[in-house]
2 protein chains.
Amino acid sequence: MPAARAEGAGKSGPTLEQVAARAGVGRGTASRVINGSPRVSERTRAAVQAAVAELGYVPNRAARALAAGSMDAIALVVPEQENRLFAEPYFSEILRGVSTELGDTDMQLLLTLIRDQRGRERFAQYAAAHRVDGVLLVSIHGDDPLPDLLRDAGMPAVLSGRRSHAEQLPYVDSDNLLGAQIAVEHLLGRGRRKVATITGPLDMYVARCRLEGYHEALRAAGRTRTPPDGRLVAEGDFTEEGGRRGMLELLRRDPEVDAVFCASDVMAAGARLALRETGRRVPDDVALVGFDDSAVARHMDPPLTTVRQPIEEMGRAMVRMLLDLMARAQDDPQGQHRAEGREMTDDDQPRLVLPTELIRRRSS
Amino acid sequence: MPAARAEGAGKSGPTLEQVAARAGVGRGTASRVINGSPRVSERTRAAVQAAVAELGYVPNRAARALAAGSMDAIALVVPEQENRLFAEPYFSEILRGVSTELGDTDMQLLLTLIRDQRGRERFAQYAAAHRVDGVLLVSIHGDDPLPDLLRDAGMPAVLSGRRSHAEQLPYVDSDNLLGAQIAVEHLLGRGRRKVATITGPLDMYVARCRLEGYHEALRAAGRTRTPPDGRLVAEGDFTEEGGRRGMLELLRRDPEVDAVFCASDVMAAGARLALRETGRRVPDDVALVGFDDSAVARHMDPPLTTVRQPIEEMGRAMVRMLLDLMARAQDDPQGQHRAEGREMTDDDQPRLVLPTELIRRRSS
DNA sequence: GCAAGCAGTGGGAGCGCTCCCATCGATGCG
DNA sequence: CGCATCGATGGGAGCGCTCCCACTGCTTGC
């Protein structure tokens, strides 16, 4: 069929000009059809569409980007500190959600790893140079300047998780505090007396929220600070080894710990190792609860009770939110409506917090 | 001059033209400096570099792509059949290797999910329309036409894993056959008498290789087909549930199975479940060996003996190979050297097979 | 009956860059 | 001492597209 596409191998496909010629219309009209403008007669539209089909025309993205000033692409930015994130189920799920939601658009997904400060600045520049139309930020620490760099550059961006309680940028998060709280309440409800916790890195808001939920549950149970000064709190780093060390530390401080809420399943797996090393049974001696409901939770022995967060859905929601922001930016190139006397308030920024849920298994 | 495009906020950064003006040189010279051409005097180079720094100039990718006909981007294509891959450790590792290796380039990584046949064709068109300069293909089934579509379009591509023994395209693979063989030999060496296997989907070459390794080991041990007709072979699909079903099937066929080689750790986890359900102990009653050495192997109880393949390194190798192919394509736009009477032989295609290694843990 | 209005259209003017040809001294050589 | 050479440079000509203005017929309004 596309007998066209003559012999020359490497040449890129037909151009708009050729399509227009074939359809017997002007370049402008052809462009209008391709882009679905309404101001085209039915006859013409059909003719152009036929030409497109015959020639197997595919718009040249670079040309379009150059002329229109938009790249039809968004970036998923991943700070690669500690090489950690990729292995995490969290990331795969986000990725799945993002690409699924993007599948319906003809937007492209760019994956960008940010390694260090230099990379961060470089990316901010890239973004400013309009190499992408929007940015998704995953696993951002509280002190990361990148989001603000992007905002200043006028680049639409959505965070997965907040950096602080007062996050200024659009974000999608899950209800970490409540999730942790129900997890700990569950442990208390099962009659556990010394409920400890292994937290994430406390420079991450998500880790602080889960710790807060832990405290909240204890407080609600009238069990505030027993024993005092957080002896039952160990700071981990969301890694397996961190969970293991945290557990050993907790046991060292108080050998009678009988339950642990871990701020991630992976850390719970680490804690499980430590428990095994020290000859403790789960859940008989120590009950364990994780967070995420990732695959590892199901595979542990015994299977891990955990707090499920709808990660894939979060990925999808982030994309929807970003596309929305991009559309806004389109209509209102520089957020100029704030020039209309109306300050861009925080409330203009979309945000979404999805619910978490306790999944009970045999570890508690 | 182009006072045009005045202040409007969303303005992209400075242009090459402005950099050139600032440095007091012509556009061509500025471009030469930016692209590291040698034909520039030291003085001029310094002046331009200073201007770049002062202005914070970042080349506009779209313009460059349009003018130069290359996108400085490669695509990682993932067929999303069954929604499976993203969750797999295999994928995360590849991804990590790929993006690490790419970090040193200023090449961009595009992630593309292919959902169905339509998506496949669409992507082939995209590629042909030069939206990317090269393609990495992951988890391709034996009958997938995409690789050939790409080759016909003259698009450099590298596969992870072969589609068949006679793979025509460049690929990076690991030594699946030998890996499986040492795994099974290990089992036999431990005195197991009835060694079964749960394979991957047999339309994937990787699965057939591992099955072949299994047979090879039995043959070498003089244990060919006992019992006959592959009663000890169950076909799985690389999923946990598939592993579970495979194990149940094997036990049904022959309750005296005392060892199982699973073609992936995830399936081994499924098999472990089935074993537990039917009251069998690991390794006492049944020894288990997996493949991949993914995180799940370490977390299982008991920890899983498995065959390690250097997945991250495979990702890196794929990128190196692809960049190399792209450079070739550059020099020799249409593989025209075959016009010189020299047919493009298979041997022109780079290929790489990395070694596998047995990791002994307590499940065997 | 004539000026507007409007849907539908064609095509010029760039977008910012790379490619490449023309230019211009400064050399080198016969 | 004049001419071919060469390193260094300037700038025109697009790349394929979108934007937008101008133009064509027609249907309206007064």
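Naming convention: chains lettered A, B, ... in sequence-line order (proteins, then strands); numbering from 1 in each chain. Heavy-atom basis, side chains included; hydrogens, waters and symmetry copies ignored.
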Between B:Ala63 and B:Val40, which has a closest nucleotide on DNA chain D that is more 5'? B:Val40
In whole angstroms, how far is the P atom of D:dG16 from the CZ atom of B:Arg61? 20 Å
With a 3.5 Å cut-off and just heavy-atom distances, do the side chain of A:Arg43 and the base of C:dG8 make a donor-acceptor pair? no
No-H, no-angle donor-acceptor pair, B:Arg32 side chain to D:dG10 base, under 3.5 Å: yes
B:Leu66 CG to D:dC15 C1': how many Å, rounded? 4 Å
Criterion side chain to side chain contact (heavy atoms under 4.5 Å, CB included) against B:Phe123, the qualifying member of B:Leu113, B:Leu149, B:Val135: B:Val135
Do any side-chain nitrogens or oxygens of B:Ser41 fall under 4.0 Å of OP1 or OP2 in D:dT9? yes
Residues A:Glu313, A:Arg96: salt bridge by 4.0 Å N-O rule: no
Would you mind reading off the distance between B:Gln18 atom CD and C:dG16 atom P, rounded to a whole angstrom? 8 Å
Side-chain N or O of A:Thr44 less than 4.0 angstrom from OP1 or OP2 on C:dG8? no
Could you tell me how far apart B:Ile34 (CD1) and C:dC17 (C1') are, to the nearest whole angstrom? 11 Å
Options C:dC17, D:dC17, D:dT9, nucleotide nearest the side-chain atoms of B:Thr29: D:dT9
Using 4.0 Å as the upper bound for N to carboxylate O, is an ion pair formed by B:Arg163 and B:Asp148? yes
Please compare B:Ala68 and A:Ala30 by the position of their nearest nucleotide in DNA chain C and report the one closer to 5'. A:Ala30
Is there a donor on the side chain of A:Arg27 or the base of C:dG12 sitting less than 3.5 Å from an acceptor on the other? yes
Do the charged groups of A:Glu101 and A:Arg320 touch, with an N to O distance under 4.0 Å? yes
So, OP1 or OP2 of D:dT18: does either fall under 4.0 Å of a side-chain N or O from A:Asn35? yes
Is any side-chain nitrogen or oxygen of A:Arg39 closer than 4.0 Å to OP1 or OP2 of C:dG8? no
Send over the distance from B:Glu17 CD to C:dT18 P, rounded to a whole Å. 12 Å
Of the candidate nucleotides D:dG14, C:dG8, D:dG16, which contains the atom at the shortest distance from the side chain of B:Ala67? D:dG14
Rounded to the nearest 0.5 angstrom, the OG-CG distance for A:Ser139 and A:Leu159 is 11.0 Å
Please give, in whole Å, the distance from D:dC17 P to A:Met71 CE? 15 Å
Rounded to the Å, how far apart are B:Arg64 CZ and C:dC19 C1'? 14 Å
Whole angstroms only, please: what is the CG-P distance between B:Asn60 and D:dC17? 17 Å
Regarding the side chain of A:Ser31, the nearest nucleotide among C:dG16, D:dG10, D:dT18 is D:dT18
